[in-house]
Amino acid sequence: MTPEDILRKYWGYDGFRPLQKPIIDSVLLGNDTLALLPTGGGKSLCFQVPGLLKKGICVVISPLIALMKDQVNNLKKRGIPAVAIHSGMHPKEIDIALDNCIYGKTKFLYLSPERLLTKIAITRLKQMEVNLIAVDEAHCISQWGYDFRPAYLKIAELKEFLPKAPILALTATATDQVAIDIQEKLEFGQQNMIRGPFTRANLAYVVLHEEGKREKLFEILKKVNGTGVVYVRNRKLCKEIANFLKKRHISADFYHAGLNADQRSDKQDKWVNGEIRIIVATNAFGMGIDKSDVRVVVHMDLPDSIEAYFQEAGRAGRDGEKAFAVLLYNENDKINLERQYEVSFPEISMIRRVYQALGSYFQLATGAGLNQSFDFDIGAFSRTFNLELVPTFHCLKILQSDGWIALSDAVFVPAKLKLQVNKEDLYSYQVSNRGIDQLLKTILRTYQGAFNHYINIHESQLADFLKMPVKDVKKALKKMQLDGILDYRPQKDKPQLAFLQERVSSENMTIDKKAYDFRRKRQRSRIENVIGYATTPKCRSQQLLAYFGETDSPPCGICDVCLGRTKSGLSQSKFDNLTEKIRAILSTDALELDIIVSKFDMMDEDKVLATITYLNENGFIRKTDENTLEWAD
């Protein structure tokens, strides 16, 4: 079969998107490959197609549990056997799933980077015929990147016992420096990057300097038809802004990681299906969601990095039709981002205190905890030890960056069970426990394979069928577990915290100070880049593309800056020259308009006035109480 045959058979498409085929061909030739495709570029097909074509199993490494589960479910719907190993699973489930990858017909094994190099995973991987190693979100391997995960640095160790399996690294957001770093850290045989252009000709990037952001949001959504996403910084604002829009008769709902699985799934499905027009969300929303007709993405706050903004804004207009990515900005955003930066890097003593509290919270003795995973509620944890929530969160992120722990957002894990006895013993148990007999019969009739592996069950469905309360079903299942008849794992929907190293005493818990200072410096640089994007009167698309190494792109012609220049009748070079001179003139003192104009050639007076008007209207310069003009920085 050819790649095109696989594409038609399983996905029903007649042809590949740009660059998908060259990436697939490179992998099929056995080459280590770095694929840089923008958000919505179809990265998953780049490893799924060759994974199906080649004999053996494709190992996919991803830090996003929800995305892993979505991809596994989508593959299964197409009749492709796949499995995901992640925190929240019981060791017995992991054991059985990995055995099935060796002896069964599983074609895709999804693993988090922290699970990849555990003893049990390595032992089993050595017995598998691995045809490809796909590394999703590959920018996580680089400390130059915006989402560093130390576990990624160990991926290259797979080459020691899987030398014939090529590596395909995939990311939507990597600067030139990060792209080089990815290939070095994954020990590519030779540099091999296939990169798609980041230009989005149909997407208009807009930055609006607004004090009344909510009213401006309402105005935007009245003008732009179709579905949209509104990103906000915290959960409280999600609900507030969704309610604000609903009161103004705009169909809207809110989404964040604090909702339970059913709520998240319901809201997401209604938005995807067009029953809800606008979803107001934190950055927990959007990853892996396939909706091409989003017409507008609005950010109500400055993002933490250009990478994060580019990825989130890029969810608009994937169908190629005109769309808008709008950032609403005012001076308070800059202050808030600076304040957030300051609390993002707490003192080492605070980090040690949080680490020690974790050990006490989970009742772990020194030397225990390696690769153990726990349900984790940061609010309850902080209250238990009288810790401030926000600094505690940042301490946990630093502990993750240094490889002590791994954190994940709330992930729905359905209830499951596996029978622990043979059919004869089960029959004897049913005879002597008539009250449970009907429940067991219903399970055996409804779910297949409970003697061989863990099966997902729905306690509420069992309760409805048997006409009994859900709590009684759970009680009966727990009794059978105590009696040794089955292993029952109740449903969970909580964030997970995993210990990646044995617990040590707080004084022996070390933080790499050099790496800590480096990450702090890199975050400072990212913040400055974001503020620069919002405040620099230069084509928005050019700024974003230049950040990712495309320094020779032409003006987009459709962003707020380009349209403002067009209205002024100025060329780009003339506008840039005048703006830089005005900035220099106002760098020391606020001046009256006629004084500023007098410093230019008389022939340029109209152009200078047009430029000043634009800069004033867009918040780059402002009037003082003395009726002079000053640069807004």
Side-chain angles (χ1 to χ4, degrees), residues 65-97 100 106 110 255 257-270 272-273 275 288 373 375 377 408-421 423 426 429-430 433-496:
I65 295 175
L67 189 55
M68 283 197 287
K69 293 182 68 183
D70 284 345
Q71 290 200 7
V72 166
N73 289 336
N74 287 332
L75 287 169
K76 286 181 175 179
K77 288 176 184 176
R78 300 178 192 279
I80 301 168
V83 66
I85 306 291
H86 54 78
S87 57
M89 292 176 67
H90 189 270
K92 288 182 181 178
E93 294 176 69
I94 294 173
D95 204 38
I96 292 170
N100 288 339
T106 304
Y110 284 75
Y255 181 107
L259 301 168
N260 66 44
D262 290 339
Q263 290 172 315
R264 293 198 305 273
S265 179
D266 181 60
K267 290 169 185 279
Q268 178 176 306
D269 289 346
K270 285 180 177 177
V272 169
N273 295 328
E275 297 174 53
S373 181
D375 292 345
D377 182 334
S408 72
D409 285 333
V411 176
F412 175 69
V413 180
K416 54 191 66 181
L417 62 80
K418 179 181 180 296
L419 290 166
Q420 303 285 72
V421 296
K423 292 181 180 179
L426 181 63
Y429 183 79
Q430 287 176 269
N433 292 271
R434 290 296 182 184
I436 293 177
D437 175 54
Q438 195 59 39
L439 174 58
L440 271 170
K441 285 180 178 177
T442 303
I443 290 171
L444 293 172
R445 281 198 301 264
T446 308
Y447 305 101
Q448 304 298 314
F451 284 101
N452 302 317
H453 53 79
Y454 283 86
I455 57 169
N456 293 342
I457 64 168
H458 301 278
E459 297 105 323
S460 57
Q461 289 180 4
L462 288 169
D464 287 344
F465 183 81
L466 295 167
K467 293 181 172 52
M468 60 189 293
V470 174
K471 63 181 179 61
D472 289 349
V473 170
K474 293 181 178 179
K475 184 178 179 181
L477 290 168
K478 288 175 182 176
K479 173 179 169 37
M480 285 188 277
Q481 181 171 26
L482 288 172
D483 292 341
I485 299 302
L486 52 76
D487 186 17
Y488 166 57
R489 303 285 160 187
Q491 172 184 312
K492 61 170 63 178
D493 182 26
K494 293 182 180 178
Q496 298 290 301

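FYI, side chains are in, hydrogens and waters are out, and symmetry mates aren't considered; it's all heavy atoms of this structure.
The distance from atom OH of Y488 to atom NZ of K416, rounded to the nearest 0.5 Å, is 12.5 Å. Of the inter-residue distances, the one linking N433 atom CG with L440 atom CG reads 8.5 Å to the nearest 0.5 angstrom. Y447 OH to L417 CG: the interatomic distance, rounded to the nearest 0.5 Å, is 8.5 Å.
Within the structure, no pair that satisfies the salt bridge (charged side-chain N to carboxylate O under 4.0 Å, His left out) test touches residues 453-466, not counting sequence neighbours. Residues in residues 469-483 take part in these side chain to side chain donor-acceptor pair (under 3.5 Å) pairs, two or more places apart or across chains: Y429-D483, K479-D483, Q481-D487.
For K92, there are no salt bridge (charged side-chain N to carboxylate O under 4.0 Å, His left out) partners at least two apart in sequence or on another chain. Residues that satisfy the salt bridge (charged side-chain N to carboxylate O under 4.0 Å, His left out) test with D95, not counting sequence neighbours, are R124. The side-chain contact (heavy atoms from CB on, under 4.5 Å) test applied to A84 returns M68, V72, H86, Y110, not counting sequence neighbours. With sequence neighbours left out, the salt bridge (charged side-chain N to carboxylate O under 4.0 Å, His left out) criterion links D437 to K441. Judged as a ring-ring contact (aromatic ring centres under 6.0 Å, His included), and not counting sequence neighbours, the contacts of Y255 are F285. The salt bridge (charged side-chain N to carboxylate O under 4.0 Å, His left out) test applied to K76 returns no partner, not counting sequence neighbours. Under the side chain to side chain donor-acceptor pair (under 3.5 Å) criterion, Q263 pairs with N260, not counting sequence neighbours. Under the side-chain contact (heavy atoms from CB on, under 4.5 Å) criterion, L466 pairs with Q438, L439, T442, M468, not counting sequence neighbours. Looking at residues two or more places apart in sequence or on another chain, you find a side chain to side chain donor-acceptor pair (under 3.5 Å) between K267 and D253.
Contact between V421 and G484 at its shortest, heavy atoms only, is CG1-O, 3.7 Å.
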